[in-house]
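Residue numbering restarts at 1 for every chain, and letters A, B, ... go by the order of the sequence lines.
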2 protein chains.
Amino acid sequence: MNYSRQREIILDTLKANVVHPTAEYLYAILKSKEPNISLATLYRNLNQLADNGVIKKIDGLDTSSHFDHNTHEHYHFICEKCKRVFDVSSDVAPDIVQKTEAETGFLVKKYDIVFNGICRDCLEKIKESN
Amino acid sequence: MNYSRQREIILDTLKANVVHPTAEYLYAILKSKEPNISLATLYRNLNQLADNGVIKKIDGLDTSSHFDHNTHEHYHFICEKCKRVFDVSSDVAPDIVQKTEAETGFLVKKYDIVFNGICRDCLEKIKESN
DNA sequence: CGTAAAATTAATAACAATTATCATTTTATA
DNA sequence: TATAAAATGATAATTGTTATTAATTTTACG
């Protein structure tokens, strides 16, 4: 991977985001910093960064991929009401890779856990309106 | 959900499949039984069956959704070599929903675990060729 | 430094998977 | 059996993403 100004800006922008943005969301922000950046450049670099383990690509949350600068082991929860994505600690599934490899005899290279449901804020709102 | 001949055939075909087919794969099989069936009908019914909990939609394995007639709690593994999809027992992550709800205060409605790696057969083949 | 090879870019065409539309047909039930 | 709701087939449209290409930028090295 050679240096590229665009990739640096993409990574910086992702790091500055507490959310787990989609490419489309990131693109809107990037456009204001770097008006000539191309959507293809964004996708190319996000995939490249993910392939090199610098960031993480999250699939299965909704129709598009999301991207996460936090590469520490953790999972994700998407709220069906507000659509926000939250982190879930890896404590909820201890030793899952070792257990899976032991059970199957397969080699696990990567894995992900995705939860769907209602977040605490939205649960509160529902409770209030009743 | 009213009865429909096409939906019955779709469900029967899915049940007869040990694999976890994509819509495209299923469509090829269906065509031979029911030549006039439409791809839109297939997608419509797969989503409908999944929404009603009759089958399960698996996302995040590869670029397309896969469908599973087995609705018992279990996870999936896709081999990056042979592309086959395998079941993984729910034992590898005991009480994950309760733990997640306790940790987050969120309501978990559904979740899925997807593993990527190399299956035992492909590991053997790699070992042999060395 | 200068320059050639390799990597990256912007722009956009192309693609694959899925969903929407709509006129017609099938199903449930009064 | 008449009628309203549900489902269908055909296909257009949409969405998210990747491929192509000519131009530009970056890197390696003489």
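- Chain B approaches DNA chain C within less than 4.0 angstrom (heavy atoms of the protein), and the contacting nucleotides run 5' to 3' from C:dA17 to C:dA28.
- For the side-chain hydrogen bond (donor to acceptor under 3.5 Å, both in side chains) with B:T13, the qualifying choice from B:H69, B:E34, B:K33 is B:K33, the only one to do so.
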Check step by step if side chain to side chain donor-acceptor pair (under 3.5 Å) holds for A:N47 and A:K57.
CA-CA 8 Å; A:N47 284 330; A:K57 187 175 186 171; 2.8 Å; yes

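- Computed from coordinates, the B:L42 CG to D:dG9 P distance equals 10 Å when rounded to whole Å.
- For the residue pair A:C119 and B:F106, the shortest heavy atom distance occurs at CA-CD2, 3.6 Å.
- Results of the side-chain contact (heavy atoms from CB on, under 4.5 Å) test with A:S38 over A:L42, A:T41, A:N36 single out A:T41 as the only residue that passes.
- Heavy atoms from other residues, nucleotides or ligands lying under 6.0 Å from OH of B:Y27 number more than 12.
- Here the C1' atom of nucleotide D:dA7 and the CG atom of B:N52 are 14 Å apart, to the nearest Å.
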Base contacts versus sugar-phosphate-only contacts with protein, heavy atoms under 4.0 Å: please encode nucleotides 20-30 of chain D as B, S and - from 5' to 3'.
------SS---

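- No more than 12 heavy atoms of other residues, nucleotides or ligands sit less than 6.0 Å from atom CD of B:E24.
- Separating the CG atom of B:D59 from the C1' atom of D:dG16 is a distance of 14 Å, rounded to the nearest angstrom.
- For the helix from C:dC1-D:dG30 to C:dA30-D:dT1, the angle separating the two terminal helix axes comes to 30°, with each axis derived from five pairs and the value rounded to 10°.
- Within 4.0 Å of B:S65, counting heavy atoms only, lie sugar-phosphate atoms of the nucleic acid but no base atom.
- Taking the six-membered ring where tryptophan is involved, the planes of A:F115 and B:Y111 are essentially parallel, since the angle between them stays under 30° and well short of 60°.
- Under a 4.0 Å N-O distance rule, the pair B:D121/B:R84 qualifies as a salt bridge.
- When all heavy atoms are compared, the tightest approach of A:L123 to B:G105 is CD1-O, 3.6 Å.
- The shortest non-hydrogen separation linking A:V88 to B:T100 is CG1-CG2, 3.9 Å.
- Projected onto DNA chain C by closest heavy-atom contact, A:S38 and B:L39 fall at different nucleotides, the more 5' of which corresponds to A:S38.
- More than 12 heavy atoms of other residues, nucleotides or ligands shown are found within 6.0 angstrom of CZ on B:F86.
- As rounded to whole Å, 13 Å separates atom P of D:dT18 from atom CG of B:D62.
- Here D:dT8 presents its P atom at 7 Å from CD1 of B:I10, a figure rounded to the nearest Å.
- Atoms OH (B:Y43) and P (D:dT11) sit 18 Å apart, rounded to a whole Å.
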